[in-house]
Peer 1: 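Quick one: the structure is below, and I'll ask about it shortly.
Every chain is numbered from 1, with letters handed out A, B, ... down the list of sequences.
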Amino acid sequence: MQYSQKVLDHFMHPRNVGKMDNPDATATEGSPACGDQVTVFLKVNEQDMTIEDISFLSYGCASNIATASIVTDLAKGKTLDEAKQITWRDAMEALDGLPPVKVHCSVLAADTLQTAISNYEIAHGLKEVPNFSKETIVEELKKIIYPKVGEDIVSLKMVKYVGLNDGEVLIDLNIMSFDQWRDNIAEEIREHLEKYPEVKDIQINFP
Amino acid sequence: MKPGRIYLDNCVTTRPAPEVLQAMQPYFEEKYWFPGNFVSTGETINEDIDQFRHTIAQTIGASAGELQFCSGGTLANNIAIKGLGFAYSSQGRHAIVSVVDYPDLLTNAAYLEKHGFDVTYLNADAEGKVNPVELRRAIRPDTIIFMTTAVNHVIGTIQPLAEFKKVLQAADHKIHFHVDAGQAYGKIPLNVEELGIDTMSISAHKIHGPQGIGALYVRHGVKLGQLIHGVKRFDAMQTGGLSIALIAGFAKAAELVFADFDATQAHLRELSNYLLQQLEKNIPEIELNGPRGEGRAPHNINVSIAYIEGEAITMMLDMKGITVATGSACASQGLKANYVLMAIGKNHVQSHGSMKFTLSRFTTKDELDETVAALAEISGELRKRSPLYSATHKEK
């Protein structure tokens, strides 16, 4: 398994790394238990709504650091609306690709940027706190990468059913028992959904 | 690999000693024959093999007839564990292993389980040691095998083999004692007679011998079901051909390690003590995994470095020309935290931040100094980037 030169460059010489004093918004995603965590800090120009400054901290592997570096680089100087369009696929492309088992790192970096922007907008009355719904769950599932191929489980049609009833989440996945990634994926789904206070219980079913 | 590289991953494989390469050479060029009877070419090889077998058997207190060559430690483990299972299943179908054992043992235990055996998985204490009292409690009338890893492959813990022997011999029926000695052979004294071992796997490339050759000790009188079928060239258990050159290299490597065993071990112990002392002195908030001192094999140091992740550390060291290993999930193909560290009660962060240094007799103090200096710098840099560090440490 090899990293591209761009990944190595951003890992060894990360852009925008470090804690920011008095940021306008921050967000932290991931958890030490999963082995990766990213914090993003934003400074926003209120006149033209551009990202004036951005920085990150990362606990994680080389691709974690490199993807956080590239995502912050892509967002710097953009308007919030432009930055909202940045996805993990953009980060991947800008880094000349990542090994499939490492794609989830780019999702974490892009996700943290989006949460930071969302936190800014909510704090400044630009948007409401979104209601938790079935769509929220599907959006979270789109962030779960199947490590064997480096694509998300929704695009790969691995999600058969999503249900939400009074805080109880029910997910049917089309992943066989002999699949070595099955437990990883279930664990990651729980990690993504447990952060919502609306979620009381998560049930994941396999064939 | 660039010359001058510092290699501290000797638990995986080691650099072949120059004398080993020399000992192998004639079997590629002049004596490229196979064993055989009544012809001088075959008889020459018969004699050489007998000598090599004797040399290696001696180092573990066995007789030459009890040693079978095979392609490596993993095959030796398979031949022994499955072989014992096949041969003695009529006497019972219960095996005992521990959760911290080498994957060879755990996967073979799982195989036995799939084929109708019950397996008891013993826990280990916080230093990775399996308690002989737990072993005694796990023994049942149908127990036929107990297997253990003499030196733990992750944290270097030495298992109390002599105490295991007492427990097994006190049982009121025969329980076969299989030992994986991949990490232990050449690092700690192992006498199969004194330790009551029935089968034991050893490997050449862990002791500066060539890759691709190992041996299985099988006590006289112990039966093994046949795993591999085919033409008998050397030994009954791994049928087919083996490289004579590799066997010659194996014997030379064993001869070198055991020529001055005590001095070599004392030197390794001094080096690893020095490494640990320097790590603890130069890198704050670092923690040793596994036992301190005599309870661990002399070539292994495993530490967790708080707030940072092992794959990133390993890669940065690699760019500085230093090879080490980590227990981080991110560096593993399966994205899972190291099972040995988790089994001894470490948390995910400790496992992700764990670094394993395994030394050899070719390791020098200068190399260790260079490694500690590089690691101190890298830890400082990665901690500056870490939200976990930043949350608990004010910037100066």
Side-chain angles (χ1 to χ4, degrees), chain A residues 1-3 7-9 11-21 26-41 55-66 68-69 99-105 108 112 145-148 179-185 187-188 191, chain B residues 103 107 110 114 285 304-320 325-339 341-342 346-355 374 377-396:
Chain A
M1 193 160 60
Q2 289 245 307
Y3 286 124
V7 174
L8 294 180
D9 176 42
F11 164 53
M12 291 305 281
H13 313 286
R15 288 39 153 191
N16 317 309
V17 69
K19 198 174 171 180
M20 189 187 287
D21 292 329
T26 79
T28 297
E29 296 280 351
S31 76
C34 298
D36 47 13
Q37 184 173 322
V38 172
T39 303
V40 166
F41 305 90
S55 73
F56 75 93
L57 288 171
S58 154
Y59 163 74
C61 61
S63 65
N64 191 283
I65 291 169
S69 168
V101 293
K102 297 292 186 179
V103 174
H104 70 104
C105 296
L108 180 67
T112 316
I145 303 295
Y146 183 57
K148 200 150 108 189
D179 192 310
Q180 63 152 324
W181 300 107
R182 195 162 96 159
D183 294 344
N184 288 56
I185 289 169
E187 205 179 307
E188 223 183 311
E191 182 206 333
Chain B
T107 49
K114 223 174 160 180
E285 297 182 82
S304 288
I305 306 176
Y307 315 113
I308 54 180
E309 187 278 329
E311 191 230 49
I313 304 170
T314 310
M315 281 188 56
M316 283 191 169
L317 283 171
D318 184 52
M319 287 182 204
K320 289 176 183 281
T326 174
S328 170
C330 301
S332 73
Q333 286 296 314
L335 296 180
K336 289 211 163 60
N338 182 278
Y339 71 94
L341 293 172
M342 298 306 280
K346 301 287 172 180
N347 60 35
H348 280 92
V349 176
Q350 288 165 319
S351 174
H352 296 317
S354 72
M355 302 301 298
E377 189 194 322
I378 289 166
S379 302
E381 171 59 32
L382 288 174
R383 280 176 174 173
K384 256 194 276 173
R385 302 181 190 177
S386 166
L388 309 185
Y389 187 75
S390 145
T392 45
H393 297 72
K394 290 260 180 289
E395 272 176 54
K396 282 173 196 157

Peer 1: Looking at chain B, which one of A:Ser58, A:Pro14, A:Ala62, A:Gly60 has the largest number of heavy-atom pairs inside 4.5 Å, strictly under?
Peer 2: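 The answer is A:Ser58.
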Peer 1: Under a 4.0 Å threshold between the charged nitrogen and the carboxylate oxygen, would B:Glu285 count as salt-bridged to B:Arg383?
Peer 2: no
Peer 1: Just to verify, what does B:Ser328 make a side-chain hydrogen bond (donor to acceptor under 3.5 Å, both in side chains) with, not counting sequence neighbours?
Peer 2: B:Glu309
Peer 1: Using a cut-off of under 4.5 Å on heavy-atom pairs, state which of A:Cys61, A:Ala68, A:Gly18 scores highest against chain B.
Peer 2: A:Cys61
Peer 1: Chain A: which of B:Met315, B:Arg385, B:Lys384, B:Glu381 shares the most heavy-atom pairs with it under 4.5 Å?
Peer 2: B:Arg385
Peer 1: Got a second to check how far B:Thr326's OG1 is from B:Ile313's CD1, nearest 0.5 Å?
Peer 2: 6.5 Å
Peer 1: Which residue pairs satisfy the side-chain hydrogen bond (donor to acceptor under 3.5 Å, both in side chains) criterion with at least one member in residues 27-36 of chain A, sequence neighbours excluded?
Peer 2: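 Listed by first then second residue: A:Thr28-A:Thr39, A:Glu29-A:Thr115, A:Glu29-A:Lys195.
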Peer 1: Shorter than 4.5 Å, heavy atoms on both sides: which option in B:Ala337, B:Ser386, B:Pro387, B:Ser351 has the most such pairs with chain A?
Peer 2: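 Looking at each option in turn, the highest pair count goes to B:Pro387.
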